[in-house]
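Presented below is the structure to which this report refers.
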Amino acid sequence: MGIVLSNIIAIYRRELQSYFVSPLAYAIASVFWFIAGLFLVMILLGPTGILVSVASLDLQGQQLGVPIPPIDVPAEFIQAFLDRLGWLLLFILPVLSMGLYTEERKRGTLELLATSPVTNWAVAVGKLLGVVTFFITLVLPLLIFEAIAISSSDPPMPATIPLLGHLGLILLAAAILSLGMFISSLTDSTILSAVLTFALVLLLLFVDLIAKSIGGPIGEAIGHLSLLKHYNTFIQGIFDTSALILFASYIFLGIFLTAQSIDALRFQRN
């Protein structure tokens with residue numbers, strides 16, 4: 001067990017260090033921060049932003065002499081912002097995961113990994129931990145701006161909503177990256193890997209719509225596979241065990257399929 005853990009840590013450190021010397025990783029970070037910053041500003045201060053909408057409703061209430069129901073502005077802001085970030089992941093994460101194994105194929109090191117004493121599970125887990133950690137470093141600066149935006153709320157906002165929301169964001173990212181890692185192990189084309197991952201994640205996000213068209217017990221079972229449905233549960237500040245199990249299942253499935261893919265390559269080489 002100790003040897004497996006040390007192998008995972010070694011792969012994790014190598015993978016994480018590779019992101020901080022990769023121009024592509026810095027380009028992805030720049031695009032992510034720029035678009036996320038635009039979302040944050042527009043949600044707060046845009047023409048249809050939360051602050052403008054609340055001020056408009058308050059003014060209408062004063063003019064009509066009708067009391068306006070209280071609006072939890074911080075919670076509305078966090079939910080709207082995390083909702084936009086969830087859709088942004090659909091475009092960012094396939095690009096981030098496309099090189100997890102395709103680069104190993106191009107450099108000729110995938111065969112070395114496949115025939116090395118390091119287990120395929122250890123390699124897959126180490127790679128996934130590395131890319132998820134890099135994604136978390138992308139999210140951390142956004143937390144500062146979110147904290148500034150909600151710091152002046154009165155009464156103070158409960159910590160459960162942003163904590164559960166960001167937990168859901170990380171779980172969603174880990175599930176997408178795990179599936180993207182499997183797809184990248186199947187091809188040596190980074191573009192093909194990104195496109196296939198995008199298509200798969202798009203299907204898993206909209207599977208709820210397919211389930212509604214089917215209806216019945218089968219449709220209900222299919223709808224439970226929706227990533228978007230369970231992500232929305234987290235960003236609403238609700239801790240749902242079934243959502244946690246679903247995300248964990250996708251993460252495990254991606255690792256399992258990746259290990260089997262590399263096992264197949266090892267068998268071919270033998």
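Keep in mind it's a predicted model, so treat the numbers as computed, not measured. Just so you know, residue 1 is the first one in the sequence shown, and it goes up from there.
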What verdict does the side chain to side chain donor-acceptor pair (under 3.5 Å) test give for S261 and S185, after you've listed the backbone C-alpha separation in whole Å, the side-chain angles of each residue and the deciding distance to 0.1 Å? CA-CA 7 Å; S261 174; S185 70; 3.1 Å; yes
side-chain contact (heavy atoms from CB on, under 4.5 Å) evaluation trace for Y231 with L171: CA-CA 9 Å; Y231 175 60; L171 289 174; over 6 Å; no
Going through the distances and angles, do S97 and L100 end up as a side-chain contact (heavy atoms from CB on, under 4.5 Å)? CA-CA 6 Å; S97 67; L100 285 173; 4.0 Å; yes
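Interatomic distance, M42 CE to R84 CZ, rounded to the nearest 0.5 Å: 10.0 Å. Note: L179 CG to L257 CG = 8.0 Å, rounded to the nearest 0.5 Å. With rounding to the nearest 0.5 Å, the separation of CG in L45 from CG in L40 is 8.5 Å.
Contact annotation: the side chain of F234 never approaches that of L172 to less than 4.5 Å [non-hydrogen atoms, C-beta and beyond]. Under the 4.5 Å side-chain criterion, counting only non-hydrogen atoms from C-beta, L89 is not in contact with L85. Within the 4.5 Å cutoff, no side-chain heavy atoms of F91 are placed close to those of I35. Between T197 and M98 the shortest side-chain heavy-atom distance does not fall below 4.5 Å. V195 has its side chain out of reach of F198: every pair of non-hydrogen atoms, C-beta onward, lies at least 4.5 Å apart. At least one side-chain heavy atom of E146 sits under 4.5 Å from a side-chain heavy atom of L143. Looking at L96 and L93, their side chains come closer than 4.5 Å, going by heavy atoms from C-beta outward. The shortest side-chain heavy-atom distance between F256 and F182 does not fall under the 4.5 Å cut-off.
Looking at N232, its side chain does come within 3.5 Å of a backbone N or O of L228 through a donor-acceptor pair. The backbone N or O of L138 lies less than 3.5 Å from a partner atom in the side chain of W33, making a donor-acceptor pair. S249 places a side-chain N or O within 3.5 Å of a backbone atom of I245 that can act as its donor or acceptor partner. No donor-acceptor distance shorter than 3.5 angstrom exists from the side chain of T187 to the backbone of I183, with no hydrogens or angles considered. Side chain of T258 to main chain of G254: a donor-acceptor pair is present (N/O by atom type, distance under 3.5 Å, no hydrogens or angles). Remark: the backbone N or O of M181 is paired with a side-chain donor or acceptor of S184 at under 3.5 angstrom.
Exactly one residue among L142, I235, I161 makes a side chain to side chain contact (heavy atoms under 4.5 Å, CB included) with L82. That residue is I235. Under the side chain to side chain contact (heavy atoms under 4.5 Å, CB included) rule, F135 has a single partner from T133, V139, V131, V132, which is V139.
The two residues L204 and V207 have their closest heavy-atom pair at O-CG1, 3.5 Å. The shortest non-hydrogen separation linking Y250 to A175 is CB-CB, 3.8 Å.
Under a cutoff of 6.0 Å and an axis angle of 45°, K127 and Y101 form a cation-pi pair.
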